[in-house]
Amino acid sequence: MPRPFTLFTGQWADLPFEEVARLASGWGYDGLEIAVSGDHLDAWRWDEPGYVDSKLEILDKYNLKVWAISNHLKGQAVCDDPIDFRHQAIVGSKVWGDGDPEGVRQRAAEEMKHTARLAKALGVDTVVGFTGSSIWQYVAMFPPVPDKVIDAGYQDFADRWNPILDVFDEQGVRFAHEVHPSEIAYDYWTTVRTLEAIGHREAFGLNWDPSHMMWQGIDPVSFIWDFKDRIYHVDCKDTKIRQTGRNTVLGSHLAWGDPRRGWDFVSAGRGDVPWEASFRALTAIGYNGPISIEWEDAGMDRLHGAPEALAALKKYDFPASQTSFDAAFSSND
């Protein structure tokens, strides 16, 4: 059976939820990966009478389903240090409060717990998001950073996220962390260490998004295989690499879409992600969950790009062979 294709609503949070549902349905999407953002979802209203039903009614009206929800923005604030103007712009007034950094972290953690409860109320078993990191600020490792500081960063992550994951366990919901710069797990080896820090507990897995792997030089296909027991969700975003000797990997503090950047996000199917090999790898590990298109391209209108990306990726989601390679050859003996 083909996997369902969903549209991640995070980049569409400026539009009313029902309008995004109407658009996605018209383009042929099977469902939505709904972001806790804008009026799309509010985790603090998870137990409000009628709230969840009102969202499900909109999905039903447009013949859409939901397999996962996301809360990247509040998850970012759980571990981040420093907490500053960047967070004030994304976490909302309830989590920001008076802006005291530790208060922001605690309220963000509480919202992540509510997000697990909201997911269960919606009938969803996966929440996608970020973790934040107290040690991303030291990524350049200069001025020199002692090992004990990095060790403390992973311990801080475990101390802050284990209580959140306890609630996920209570609700029967999994957290799918998006491996991404600025997070505790941002590449291959930091992912290994992150899983070690929480004892490989099953509540914590991964959201496979190849776009952030590409510009770091990570093989997204090998990543699927090596972490096959932890791929809980898939977000599809594409990256175009343009490293010329002047255009470099760190982006030069240039805005998205600037041609001097060494890489940029582009509509899925127009970049360098090896989509066919990736989809084959997802099939090989038995991933049958949603394929969520996280549409982003600073040089393209999203109303053009979102349906184009769906068509571009659907061609790679072909049925697997029903006969194994070994069985096919043994039948000719």
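In this text the structure is predicted, and so the values were computed from the model without any measurement. Residues take their numbers from the sequence shown, with the count starting at 1. Keep in mind that the numbers below use all heavy atoms, side chains included, and drop hydrogens, waters and symmetry copies.
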For the pair F17 and H40, name the ring-plane relationship: parallel under 30°, tilted 30 to 60°, perpendicular over 60°.
tilted

Is any NZ, NE, NH1 or NH2 atom of the basic residue among E18 and K61 found under 4.0 Å from an Asp or Glu carboxylate oxygen of the other?
yes

A121 backbone acceptor or donor facing W46 side chain under 3.5 Å
no

Got a donor-acceptor contact below 3.5 angstrom from the S25 side chain to the R22 backbone?
no

Supply the atom-to-atom distance I34 CD1 to S70 OG, rounded to the nearest 0.5 angstrom.
9.0 Å

Quick test of your reading of the model: are R270 and E308 salt-bridged, counting only N-O distances below 4.0 Å?
yes

Hydrophobic cluster membership, I90 vs I83, 4.5 Å side-chain cutoff
yes

Is a donor on one side and an acceptor on the other found under 3.5 Å between the side chain of S222 and the backbone of D219?
no

Which of H87, R105, Q137 passes side-chain hydrogen bond (donor to acceptor under 3.5 Å, both in side chains) with D80? It is H87

Please determine, by modelled atom types, if H212 and E178 share a side-chain donor-acceptor pair under 3.5 angstrom.
yes

Residue pair D272, K240: steps toward the salt bridge (charged side-chain N to carboxylate O under 4.0 Å, His left out) verdict
CA-CA 5 Å; D272 296 313; K240 189 69 178 175; 3.3 Å; yes

Should L310 and V266 be regarded as members of a common hydrophobic cluster, given that ILVMFWY residues are connected when their side-chain heavy atoms come within less than 4.5 Å of each other, either directly or indirectly?
no

Would you say the side chains of Q106 and E102 form a donor-acceptor pair under 3.5 Å?
yes

Inspect the contact between D42 and K94 and indicate whether a charged nitrogen and a carboxylate oxygen are less than 4.0 angstrom apart.
no

For F130 together with H72, are the ring centres under 6.0 Å from each other?
yes

Pair W136, E183: side-chain N/O donor-acceptor within cut-off below 3.5 Å:
no

D297 (side chain) donor-acceptor with S267 (main chain) under 3.5 angstrom:
yes

For residues W12 and W27, establish whether the separation of their ring centroids is below 6.0 Å.
yes

Would R261 and W263 count as a cation-pi pair here, with the cationic atom under 6.0 angstrom from the ring centre and within 45° of the axis?
yes

Should the pair D166-R201 be classified as a salt bridge under the 4.0 Å nitrogen-to-oxygen rule?
yes

Strictly by modelled atom types, are T6 and W67 linked by a side-chain donor-acceptor pair under 3.5 Å?
no

Going by an N to O cut-off under 4.0 Å, is there a salt bridge joining R280 and D317?
no

Taking the six-membered ring of F265 (Phe, Tyr or Trp), confirm whether the NZ or CZ of K237 is under 6.0 Å from its centre and within 45° of its axis.
yes

Is there a side-chain contact (heavy atoms from CB on, under 4.5 Å) between M214 and V273 once you walk through the steps?
CA-CA 7 Å; M214 293 299 294; V273 172; 3.6 Å; yes

Consider only side-chain heavy atoms of I, L, V, M, F, W and Y, link residues closer than 4.5 Å, and tell whether V36 and V95 are in one cluster.
no

D151 and Q155: side-chain donor and acceptor closer than 3.5 Å?
no

Within 6.0 angstrom of D147 CG, more than 12 heavy atoms from elsewhere:
no

Check D30 with K65, please: is the shortest side-chain N to carboxylate O separation under 4.0 Å?
no

State whether Y232 and R174 meet the cation-pi test: NZ (Lys) or CZ (Arg) under 6.0 Å from the six-membered ring centroid, and within 45° of the perpendicular axis.
yes

Out of curiosity, F8 CZ to I69 CD1, how far, rounded to the nearest 0.5 Å?
11.0 Å

Under 3.5 Å, side chain of S292 to main-chain N/O of E33, donor-acceptor pair present?
no

ILVMFWY network linking Y188 to V139, side-chain heavy atoms under 4.5 angstrom
no

Give a yes or no on whether the backbone of P16 and the side-chain of D39 come within a donor-acceptor separation of less than 3.5 Å.
no

Atom pair CZ/CG of R260 and N247 - distance to nearest 0.5 Å
9.0 Å

Return yes if a side-chain donor-acceptor contact under 3.5 Å exists between T283 and R3, otherwise no.
yes

Does S252 use its side chain to pair, donor to acceptor, with the backbone of L254 at less than 3.5 Å?
no

Within the distance-only criterion (no hydrogens, no angle test), does the side chain of Q88 pair as donor or acceptor with the backbone N or O of D84 below 3.5 angstrom?
no

How long is the gap from CD1 on I291 to NE2 on H233, to the nearest 0.5 Å?
8.5 Å

Do the side chain of D264 and the main chain of G257 share a donor and acceptor less than 3.5 angstrom apart?
yes

Can you label the angle between the W161 ring and the F157 ring as parallel, tilted or perpendicular, going by 30° and 60°?
tilted

Would you say the side chain of Q216 lies within less than 4.5 Å of the side chain of Y186, judging by non-hydrogen atoms?
yes

What distance separates H114 NE2 from R107 CZ, expressed to the nearest 0.5 Å?
12.5 Å

Going only through I, L, V, M, F, W and Y residues with side-chain contacts under 4.5 Å, is there a path from L206 to V78?
yes

Find the distance between CD (Q171) and CZ (R117) and round it off to the nearest 0.5 Å.
6.5 Å

